[in-house]
Protein chains: 2
Amino acid sequence: MDNKEQDILRAAERMVREGGYNAFSFRDIANEVGIRSASVHYHFPTKEDLGAAVAAYYTDKFLGALGEPEELVIAGKDPIKAYVKAFRDALAKDKRMCLCGLLGAEINGLPPKVVGETRVFFERNLDWLTRAYTLQKGEKGAKDKAVQTLALLEGAMIVSNALGNNENFDAAVQIIS
Amino acid sequence: MDNKEQDILRAAERMVREGGYNAFSFRDIANEVGIRSASVHYHFPTKEDLGAAVAAYYTDKFLGALGEPEELVIAGKDPIKAYVKAFRDALAKDKRMCLCGLLGAEINGLPPKVVGETRVFFERNLDWLTRAYTLQKGEKGAKDKAVQTLALLEGAMIVSNALGNNENFDAAVQIIS
DNA sequence: CTTTCCCTATCTTTCGATAGATAGGTCTTT
DNA sequence: AAAGACCTATCTATCGAAAGATAGGGAAAG
């Protein structure tokens with residue numbers, strides 16, 4: 001069994017999270033996966049297609065692993081705490097930026113399909129957080145709190161990533177509640 | 001008088017802020033400035049040199065325009081408010097990300113000199129904010145507040161930039177004080 | 001008459017992309 | 001069940017464009 005398509009997405013995710021959309025090539029990915037660059041084109045015709053697919057793959061993986069905020073509340077868990085932990089794991093385990101945080105920063109230089117999928121990440125995450133805050137404290141101000149939390153987490157990742165030290169992440173996100 | 005060197009830095013700043021370190025080439029810059037790509041190499045031998053110079057140029061320009069927090073306090077101004085406004089202007093006027101926020105996100109894929117200058121931006125900004133908070137509320141917790149503020153501002157820029165809407169920036173940064 | 005600044009011309013490498021071939025599997029038709 | 005048609009997934013080989021970089025020349029200024 002191969003599932004080369006997933007291998008390609010995984011390799012691309014790693015490379016984009018390292019240096020952005022322009023930090024991977026079809027040859028790089030082909031080498032890592034163990035096929036030829038022409039075969040990568042077979043699965044993803046253009047780089048734009050692959051970039052958009054990676055963003056969508058990352059969004060699904062990230063929110064899928066988290067579960068829905070309603071379910072977390074039913075299970076007696078704090079959805080906001082779980083959400084912050086998901087970000088911290090992405091930084092600590094992978095030692096890398098949030099893929100869509102990076103793409104969001106680069107968005108003015110990205111091809112249209114990648115822009116679209118990157119926006120989907122932010123919209124779905126803001127929706128998730130808004131629902132979580134609504135469950136906790138009611139609808140009032142939930143949207144603003146969602147924006148604040150997402151911004152603080154993405155920014156904390158940048159500062160920690162840039163300075164190569166995770167204490168800054170913890171110092172920054174301790175005000176989230 | 002030309003000052004081509006500054007023209008080059010300005011062009012490079014604009015391009016990096018659009019799509020990151022890999023979003024500009026010597027030819028692009030040469031075209032914009034009105035010279036040939038070989039002449040850009042005369043001023044900045046390698047791309048790494050130019051990238052590092054742009055980061056340093058941006059850091060100096062940003063903090064220089066702001067002034068020292070001690071001076072702002074003496075002039076009866078709130079340094080934190082001034083700092084937030086400086087970020088908002090960078091987003092609203094230029095319609096672009098913070099240059100070093102973008103480089104910070106990409107840092108794992110950047111050449112050493114650029115990494116160094118990007119870190120200088122974060123270190124000097126954290127220092128500035130720490131001094132500002134110390135002036136306002138004393139040393140206790142000033143460092144953490146500095147990290148929180150910088151992270152929130154960089155993250156708010158990413159979210160606003162990604163979704164192409166500045167209201168998210170305002171919603172995110174309203175908690176800064 | 002050297003330094004500064006820009007030029008032309010060119011090199012090498014890498015990029016994204018395409019053409020055309022092939023081996024092996026699957027489906028369809030008789 | 002056999003034969004023919006099509007599909008999947010990969011390969012080799014190659015393209016033109018663009019990248020970063022360098023050598024060497026020339027004009028102007030002091």
Side-chain angles (χ1 to χ4, degrees), chain A residues 1-55 57 102-103 106 108-118, chain B residues 1-55 57 102-103 106 108-118:
Chain A
M1 121 102 175
D2 314 88
N3 220 344
K4 286 280 160 62
E5 211 146 309
Q6 193 146 352
D7 291 353
I8 292 170
L9 288 172
R10 265 196 284 259
E13 179 197 328
R14 196 187 60 71
M15 292 177 191
V16 174
R17 289 178 71 183
E18 200 155 309
Y21 180 73
N22 293 296
F24 77 95
S25 74
F26 279 76
R27 282 169 187 78
D28 290 340
I29 287 177
N31 282 339
E32 190 158 312
V33 171
I35 56 178
R36 299 300 184 155
S37 77
S39 308
V40 181
H41 279 283
Y42 169 77
H43 294 284
F44 303 96
T46 69
K47 185 168 184 179
E48 177 170 3
D49 292 324
L50 177 50
V54 173
Y57 165 75
L102 220 168
L103 293 180
E106 289 180 325
N108 299 112
L110 296 179
K113 287 182 190 174
V114 187
V115 171
E117 286 301 333
T118 303
Chain B
M1 122 107 174
D2 313 90
N3 220 344
K4 286 279 162 61
E5 209 148 309
Q6 192 146 352
D7 291 352
I8 292 169
L9 288 172
R10 264 197 283 260
E13 178 197 327
R14 196 187 59 72
M15 292 178 192
V16 174
R17 288 178 70 182
E18 201 156 306
Y21 180 73
N22 293 295
F24 77 96
S25 73
F26 280 75
R27 282 171 185 79
D28 290 340
I29 288 178
N31 282 339
E32 190 159 311
V33 172
I35 56 178
R36 300 300 183 153
S37 78
S39 308
V40 182
H41 279 283
Y42 170 77
H43 294 284
F44 304 95
T46 70
K47 184 167 183 177
E48 178 170 4
D49 292 324
L50 177 49
V54 174
Y57 165 76
L102 221 169
L103 293 179
E106 290 179 326
N108 300 110
L110 297 179
K113 287 181 189 174
V114 187
V115 170
E117 285 301 333
T118 303

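Every chain is numbered from 1, with letters handed out A, B, ... down the list of sequences.
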Tell me whether B:K47 forms a cation-pi arrangement with B:Y21, defined as NZ or CZ under 6.0 Å from the six-membered ring centre and within 45 degrees of its axis. yes

When the distance from CZ of A:R36 to C1' of D:dT14 is rounded to whole Å, what number comes out? 14 Å

Of all residues at least two apart in sequence or in a different chain, which pass the side chain to side chain donor-acceptor pair (under 3.5 Å) check with B:R36? none

How about A:L9 and A:L50: do any of their side-chain heavy atoms sit closer than 4.5 Å? yes

Using the rule side chain to side chain contact (heavy atoms under 4.5 Å, CB included), only one of A:F26, A:F44, A:Y57 pairs with A:I8; which is it? A:F44

Could you pull out all residues at least two apart from A:T46 that satisfy side chain to side chain donor-acceptor pair (under 3.5 Å)? A:D49

What are the two closest non-hydrogen atoms of A:A30 and A:S37, and how far apart are they? CB-N, 3.4 Å

With salt bridge (Lys or Arg N to Asp or Glu O under 4.0 Å) as the criterion, how do B:E13 and B:R17 come out once you've worked through the C-alpha distance, each side chain's angles and the decisive distance to 0.1 Å? CA-CA 6 Å; B:E13 178 197 327; B:R17 288 178 70 182; 2.9 Å; yes

Contacts of A:H43 meeting ring-ring contact (aromatic ring centres under 6.0 Å, His included) (sequence neighbours excluded), chain-then-number -> none

Do B:I29 and B:D7 come within less than 4.5 Å of each other through their side chains, counting heavy atoms only? no

Have a look at A:E32 and tell me which of A:R14, A:R10, A:R27 forms a side chain to side chain donor-acceptor pair (under 3.5 Å) with it. A:R14

Nearest-angstrom distance from the residue atom NZ of A:K4 to P of D:dA9: 10 Å

DNA chain D contacts made by residues 17-31 of chain A, counting heavy atoms under 4.0 Å: none

Does anything in residues 39-51 of chain B come within less than 4.0 Å of DNA chain C? Heavy atoms only, and list the residues if so. B:S39, B:Y42, B:H43

Expected rows: protein N/O vs nucleotides 25-30 of chain D N/O, under 3.5 Å:
none

